[in-house]
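Positions are given from 1, in the same order as the sequence printed here. FYI, side chains are in, hydrogens and waters are out, and symmetry mates aren't considered; it's all heavy atoms of this structure. Keep in mind that this is a model prediction, so the values were computed, not measured.
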Amino acid sequence: MQSSLEESAVEYLDRSGALQKLIQDCRTRAEIESHQDKPSAVFRFVLTVDPVDLVNFDSTLGNLVLHYPLDAGRIFQDVVYLSIKALDLIPQVESRNQILVHLSIPTLPPLPSYSLHLRDLSCQAVEQRYFQFEGIVSSMTNVIQYTQSARYQCPESGCVGSEPYTYIRLHTAGASESRTIRPDFQCHHCGNILEEDVSCRVLADKRVVKMLDPAAMPGLLWSPHRMGERHQAVTVFLREELVQGIEMGAHYTVVGIPTIDRCRGDITISIEANSIAKQVVQPLPSSALPDSVTRLYQDRLGSPYSFAASLAFAFASSVSPPGTYHKLKLCMLLSLVSTQSNNKMKETKDGGGLHVMAVGSDTLLLSRLLTYCAAMSSPCVHHTVDKHLFAKVTKDTHGTGTCSIDAGSLLLSHGGCCFLGDLGQMKRDIQSSLQGVMEKDVVTVQIPKKYGDSGVLQSLDLPIRCSIWAYTDPNSCKKPAATAGADLFLQQELGNVSKTLADCFSLVCYTDSTSETGDMYADSLLVQDILDCATLEEEDLENVGELLSANDIKQFLQVACCLHPQLTPPAEYLLQGYFISSRRLRSNSIQSCPFPPTALRTLTAVASAHAKLSLRTFVAEEDALVSISLFEESVTSRYGYSILGVQPTPHFRHGNIVQYLGKENDTQMEQFHLQLLRLISSHAQDLTIRQPEE
């Protein structure tokens, strides 16, 4: 039976190409060994095995790999040893104990018996075989060392155990350090205590991470207290090549073996990872659009602006009536389509999530609106005061001697959004730290000296890959009136939020209109909507639907977020021309006001997001115009001066959607385009990008 399995293993490796790779690796190792003074005691090889392919080739061998991984490892160890000896690939190999084989299992058969749900994991019902599960990294340690292999010898010179490669301890999946290194190993032949040859000890990298069940993420959004025992983090051990590239808060698929740890009377369960792969958003075809969105898209083909504006008009109509908070809804949709592309998020300086801050006196409605938007994002963490925002360093409880870095709300929001709530209620030191994080897009963690190998204070930079949402009340300033009046545009418009922190947000949306008529009209719509709902019977209230349902919006976002539009030269010309003109004109004019140096990156990201929202595969001039209009409106709302004559309109003035989305709006955008071109020609003559042909 043993020989037949070995023959099948050799034939499978030959057919899959792994045998040829093994031969090449052996020749490389032999070349390295020929230049070393002392030969290596152990040679490690990685063999990639596809279980589905192996089961189809030999069901017995495939079943052994899937359900008895340690026995399968010994089969392949013998195969590799016999191959090396038969082909004389590495002369330094004298015993099969010198061969360490790691079977890499990239995926398991798509059957329920191989799927593992972390919330159902218990010590009473666990098999030590391969399982596949999904998890979100909630904490991790530094890269530390563990003993991969060690060589022992019997001190009795005449004993068989005194031969060089009789006793070699190799790490096996799920084994603790004491299984490899211990001072009381006895010789099987004479009973003497074995002595270790420390010069032959091989160390390798290890990292301990904790993974959270993805089902716990909705609990993080709505109520942090819902994370009971059902959603406790599970410890996962990563070794060798698996330790690199792990990102805090990222969603991974792991193939591993559960193991039971007994320490000081406590029984815990951990998982020895065999392979790990990051979850990637798979593009959905345009045919996956819901019928309601498809009909709206077909109806708005006559205008390049109408479809995205119509989505914003119909979005969250159950929270605020159509026509109210229109610009904020549009900005939130832009942030959503830029956020959910987590496989491309912030890989370039021109991409990434859009940070949005809403400024308005009706904080209750703003909170409800942003919470509604948060339900559209996956994942989304609603930060509360009982959780840490950045990262927390604690002592690792697994006896590694190092620290464990626990992810805060920003890091757990990887690939989604982090809803901070009322930013003005945060302490000043938290706001200051948040400003530093948003400026660099990284969370810097200070590791104490006692946890570092060199005994010095170390720092670790963890990138944030999420959109940050917040709101604030402009009337919540706690400073004296004299101080607040001295800084008109800072304190009276942002409340307890500093100007420098507000500059870190991509878009700052003011929801209070500059004219009383605009706010009065929005308030009348809100009151009418509340009265209508209050007068309905309970069964009628349940039948009140939205213009676009939440499920339709979610399905649309899944399609739109997977688009990766390319920036066209005409759009790039407008964006760069506006940026250069604004920097020059605003800094030299009488009405001088700050213009952030990171504005070009924000403008490009907003234009790209608008192209996604419009289901375009390229960033057109129209997308650049909308991006410039939104950004100019945000700057104008804060400083009361627009170089393009833009008037902030957080709500529809008359509630006439036909007028806003019809040809009249296209005409206004054409006039805005001509005015922008005149501005660029006057103040950005040296723009390096060639002006598009008429």
Side-chain angles (χ1 to χ4, degrees), residues 136-140 209-212 214 216-222 224 227 233 246-252 278 332 335-336 338-342 345-347 351-358 370-371 373-374 377-394 404-447 459-472 497-498 500-507 598 602 605:
I136 295 175
V137 178
S138 61
S139 70
M140 65 181 182
V209 304
K210 288 188 177 180
M211 286 191 167
L212 197 65
M217 296 308 292
L220 289 175
L221 171 61
W222 301 111
M227 293 177 54
I246 299 299
E247 295 186 80
M248 198 82 81
H251 191 163
Y252 291 94
K278 189 176 181 180
M332 296 309 298
S335 181
L336 282 169
S338 66
T339 296
Q340 295 193 20
S341 302
N342 57 6
M345 180 177 294
K346 296 189 178 179
E347 291 181 0
L354 293 173
H355 308 316
V356 180
M357 182 173 73
L370 294 183
T371 302
C373 296
S377 177
S378 179
C380 177
V381 175
H382 190 168
H383 177 70
T384 54
V385 294
D386 59 339
K387 294 183 292 188
H388 49 281
L389 181 59
F390 308 109
K392 183 180 180 182
V393 179
T394 59
S404 177
I405 304 171
D406 298 330
S409 298
L410 289 177
L411 295 173
L412 281 178
S413 307
H414 184 104
C417 74
C418 182
F419 180 26
L420 300 181
D422 192 346
L423 200 59
Q425 299 299 321
M426 286 189 176
K427 296 181 179 180
R428 282 294 179 182
D429 57 338
I430 300 296
Q431 290 190 25
S432 177
S433 301
L434 178 63
Q435 176 185 334
V437 168
M438 295 182 68
E439 288 175 347
K440 300 179 181 179
D441 282 343
V442 295
V443 174
T444 301
V445 181
Q446 300 294 336
I447 301 176
S459 63
L460 181 65
D461 290 338
L462 303 174
I464 59 171
R465 305 190 186 278
C466 67
S467 291
I468 301 175
W469 301 343
Y471 65 88
T472 186
V497 179
S498 65
T500 52
L501 176 56
D503 288 339
C504 296
F505 285 85
S506 307
L507 294 171
T598 59
T602 299

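Put simply, the side chain of Ser433 gets close to the backbone of Asp429: a donor and an acceptor are under 3.5 Å apart. A donor-acceptor pair is defined here as one N or O able to donate and one able to accept, closer than 3.5 Å; no such pair exists between the side chain of Ser467 and the backbone of His355. A side-chain donor-acceptor contact under 3.5 Å links His388 to the backbone of Ala407. Panel note: side chain Gln431, backbone Val497; no donor-acceptor pair is recorded below 3.5 Å. Within the 3.5 Å criterion, the main-chain N or O of His382 finds a donor-acceptor partner in the side chain of Lys387.
Going from atom SG of Cys380 over to atom CG of Leu336 covers 9.0 Å, rounded to the nearest 0.5 Å. Atom CD of Glu247 and atom NE2 of His414 lie 4.5 Å apart (nearest 0.5 Å). Of the inter-residue distances, the one linking Met438 atom CE with Ile468 atom CD1 reads 4.0 Å to the nearest 0.5 angstrom. Interatomic distance, NZ of Lys278 versus NE2 of His251, reported as 11.5 Å (0.5 Å rounding). Taken to the nearest 0.5 Å, the CG atom of Leu434 stands 9.5 Å off from the OG atom of Ser498. With rounding to the nearest 0.5 Å, the separation of CG in Asp503 from CE in Met357 is 9.0 Å.
Evaluation of the side-chain contact (heavy atoms from CB on, under 4.5 Å) rule for Asp422 yields Gln425, Tyr471, Thr472 as partners, not counting sequence neighbours. Every residue meeting the side chain to side chain donor-acceptor pair (under 3.5 Å) condition with Ser409, not counting sequence neighbours, appears here in chain and number order: His383. Listed by chain and residue number, Val442, Gln446, Ser459, Asp461 satisfy the side-chain contact (heavy atoms from CB on, under 4.5 Å) test with Thr444 (two or more places apart in sequence, or in another chain). For Ala391, the side-chain contact (heavy atoms from CB on, under 4.5 Å) criterion is met by Ile405, Leu411, Val443, Val445, not counting sequence neighbours. Taking the side chain to side chain donor-acceptor pair (under 3.5 Å) definition, one finds that Glu439 meets it with Gln435, sequence neighbours left out.
Among the candidates Ser413, Ser335, Ser377, the single residue satisfying the side-chain hydrogen bond (donor to acceptor under 3.5 Å, both in side chains) test with Trp469 is Ser335.
In this structure, the side chains of Phe419 and Thr371 come closer than 4.5 Å at one or more pairs of heavy atoms. Looking at Phe505 and Leu423, their side chains come closer than 4.5 Å, going by heavy atoms from C-beta outward. Side-chain atoms of Cys417 and Cys466, non-hydrogen and from C-beta on, never get closer than 4.5 Å to each other.
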Ser138 vs Leu412, side-chain contact (heavy atoms from CB on, under 4.5 Å): CA-CA, chis, key distance, verdict: CA-CA 7 Å; Ser138 61; Leu412 281 178; 4.1 Å; yes
Could you walk me through whether Val356 and Met332 pass the side-chain contact (heavy atoms from CB on, under 4.5 Å) check? CA-CA 7 Å; Val356 180; Met332 296 309 298; 3.8 Å; yes
Assess whether side-chain contact (heavy atoms from CB on, under 4.5 Å) is satisfied between Met140 and Lys210, documenting all intermediate values. CA-CA 6 Å; Met140 65 181 182; Lys210 288 188 177 180; over 6 Å; no
If you apply the rule side-chain contact (heavy atoms from CB on, under 4.5 Å), what do you find for Leu420 with Met426, and how did you get there? CA-CA 9 Å; Leu420 300 181; Met426 286 189 176; 3.9 Å; yes
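Heavy-atom minimum distance, Ile136 versus Pro214: CD1-CA, 4.0 Å. When all heavy atoms are compared, the tightest approach of Ile246 to Tyr252 is CA-OH, 3.5 Å.
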